[in-house]
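Everything below concerns the one structure shown next.
Quick note: numbers below take in every heavy atom, side chains included, and nothing from hydrogens, waters or symmetry partners. Reminder, nothing fancy here: chain letters follow the sequence lines and each chain counts from 1.
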Number of protein chains: 2
Amino acid sequence: MSNTYQPPILTVDSVIFMIINDELSVLLIERADEPFKGKWALPGGYCAAGETTHAAMARILSTKAGLKTTSLSLVEQLYTFDTVARDPRGHAVSVTYMGLGEAIEIKKSSTAQKPQFFPVKKLPELAYDHGDIIKYANDRLISKISYTNAAYALLPKLFTMTQLQSVYEAILGHDLDKRNFRKKYLSLDIVEPTSDYYQEGAHRPAQLYKFKQQNLQTHSRSID
Amino acid sequence: MSNTYQPPILTVDSVIFMIINDELSVLLIERADEPFKGKWALPGGYCAAGETTHAAMARILSTKAGLKTTSLSLVEQLYTFDTVARDPRGHAVSVTYMGLGEAIEIKKSSTAQKPQFFPVKKLPELAYDHGDIIKYANDRLISKISYTNAAYALLPKLFTMTQLQSVYEAILGHDLDKRNFRKKYLSLDIVEPTSDYYQEGAHRPAQLYKFKQQNLQTHSRSID
DNA sequence: ACAAAAGTGTTAAGAATACACCCATGT
DNA sequence: ACATGGGTGTATTCTTAACACTTTTGT
């Protein structure tokens, strides 16, 4: 309004989930400086005038975690936290995003900030309110995967029904019945079988499936 | 990062819903100045350093629309929009909130900006991207009312089953079967009958019910 | 007696759950 | 031949959906 208007500091934090060894895992960075030096934090940083929050997220992920946004198959805004006393520099507002991708190797050499994935069940000591943010993201992911095809973003293009089921089990945190899961998932009509098979180990090869759509779609019934 | 850091402009916009004459309606203000002079807009304004977005929303609703936040039984953050070219003054980020309340009279005298409720089916010409924001809020409301007790925020403490059903019909946009609605809603165990009755017109009086909880609760099955 | 909204039950179809064995492969 | 994970069907219970008449009141 007046020419003395001073906006709050605006930051962006990202919760990047991947399934690693059948566990839902989140990308964290060890803080090199105070505050919270030595603690682990979500990749985050400042959003500047003229830069969208989404662009800021992409820039920060790339520079601080060596992760290209192109490795993420699904990015969704989560929530905007008022964090009046969170940053010692004063009042800040933090826009948070959730990103999902197929498991990849992070190049540790690309930064001094040691990006690393941790299973959400075994998190280290966290900086700021990042524990709350991860909890919020995890809750959102549980509901997204229940009523949408979001699992496509955590799997390779072709995958077996067992892999798909284990993504659900990792996120929902409980086991599912194999027969019921397959029956219901196929009846949702969002995946289709391919003519390829995946052979691994001393057992029958598994048929490979793919999602009909590689973008977020809501389906009729929910999985839980 | 550096001492030359300049954050984007931060604004807050509110989508206030009430049920008026059995129609879902949204609070709008006629713009007195350019840009979009004469068009209708969501109540919104700047968020300043040291002020949380929620506090900014309360202040703006009160000063621009004469509406106290205490008239709202449920306030929920919706989404944060990057609006690079939205405000002619340059890059802005807008945090949006949805507020639900029981239908009340707005004191028009309290401001020059003519706050007024419009049915969401019959909106006037809107400023900025406020049509998109209202659509987003409406979608969120539809899903919230389907799997939570959010309807409590749009009704008086005591209400009849017919009133409750008509809240659902106004939001979902289609009619529901009276017997099935009552059976299912009662089986959710989130409302309870009182010993009071509501007598209006030349017909049998209606039993009054109340919600067991006056805060947001997720329930097991969904209404649609 | 009539108009107007309140209130109430049954049946059929669809969805969810529980549960155990055979199949194809490598060693 | 055996170990390993892949793949499949049925019976029961629960949930949803479709549908019409009686009750209570004021005029």
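Between A:Lys184 and A:Arg204, the residue anchored closer to the 5' end of DNA chain C is A:Lys184, taking for each the nucleotide with the nearest heavy atom. When each of A:Met161 and A:His203 is assigned the nucleotide of DNA chain D with its nearest heavy atom, A:His203 is the one assigned upstream, toward the 5' end. Comparing A:Gly201 and A:Ser187 by the nucleotide of DNA chain C that holds the closest heavy atom to each, the one mapping nearer the 5' end is A:Ser187.
In this entry the distance linking CG of A:Leu176 with P of C:dT17 reads 10 Å, nearest Å. D:dG6 atom C1' lies 15 Å from atom CG of A:Leu164, rounded to whole Å. Between A:Asn180 atom CG and D:dG7 atom P there is a gap of 16 Å when expressed in whole angstrom units. Rounded to whole Å, the distance from CG on B:Asp177 to C1' on C:dG9 is 12 Å. Straight-line distance from the CD atom of B:Glu200 to the P atom of D:dT27: 12 Å, rounded to whole Å. Distance CZ (A:Arg182) to C1' (D:dG5): 10 Å, rounded to an integer number of Å. Per the geometry, CZ belonging to A:Phe181 stands 18 Å off P belonging to C:dA15, to the nearest Å. Atom C1' of nucleotide C:dA15 and atom CZ of B:Arg221 are separated by 13 Å, given to the nearest angstrom.
Under the 30°/60° scheme for interplanar angles, the aromatic rings of A:Trp40 and A:Phe118 are found to stand perpendicular.
Counting non-hydrogen atoms of neighbouring residues, nucleotides and ligands closer than 6.0 angstrom, the NZ atom of B:Lys135 reaches no more than 12 such neighbours.
Counting distance only, with no hydrogens placed and no angle test, the side-chain atoms of A:Arg179 and the base atoms of C:dA20 include a donor-acceptor pair under 3.5 Å. Contact annotation: side chain of A:Lys183 to base of D:dT10, donor-acceptor pair present below 3.5 Å.
Taking the side chain as every heavy atom from C-beta outward, B:Gln207 and B:Met161 never approach each other to under 4.5 Å.
Checking the phosphate oxygens (OP1, OP2) of D:dG5, no side-chain nitrogen or oxygen of A:Thr162 falls inside 4.0 Å.
Centroid-to-centroid, the aromatic rings of B:His54 and B:Tyr97 come within less than 6.0 Å.
Among the atoms of the strands shown, only primed sugar atoms or phosphate atoms (P, OP1, OP2) are found under 4.0 Å from some heavy atom of A:Gln207.
Salt bridge status for B:Lys39 with B:Glu30: absent, with no side-chain N to carboxylate O gap under 4.0 Å.
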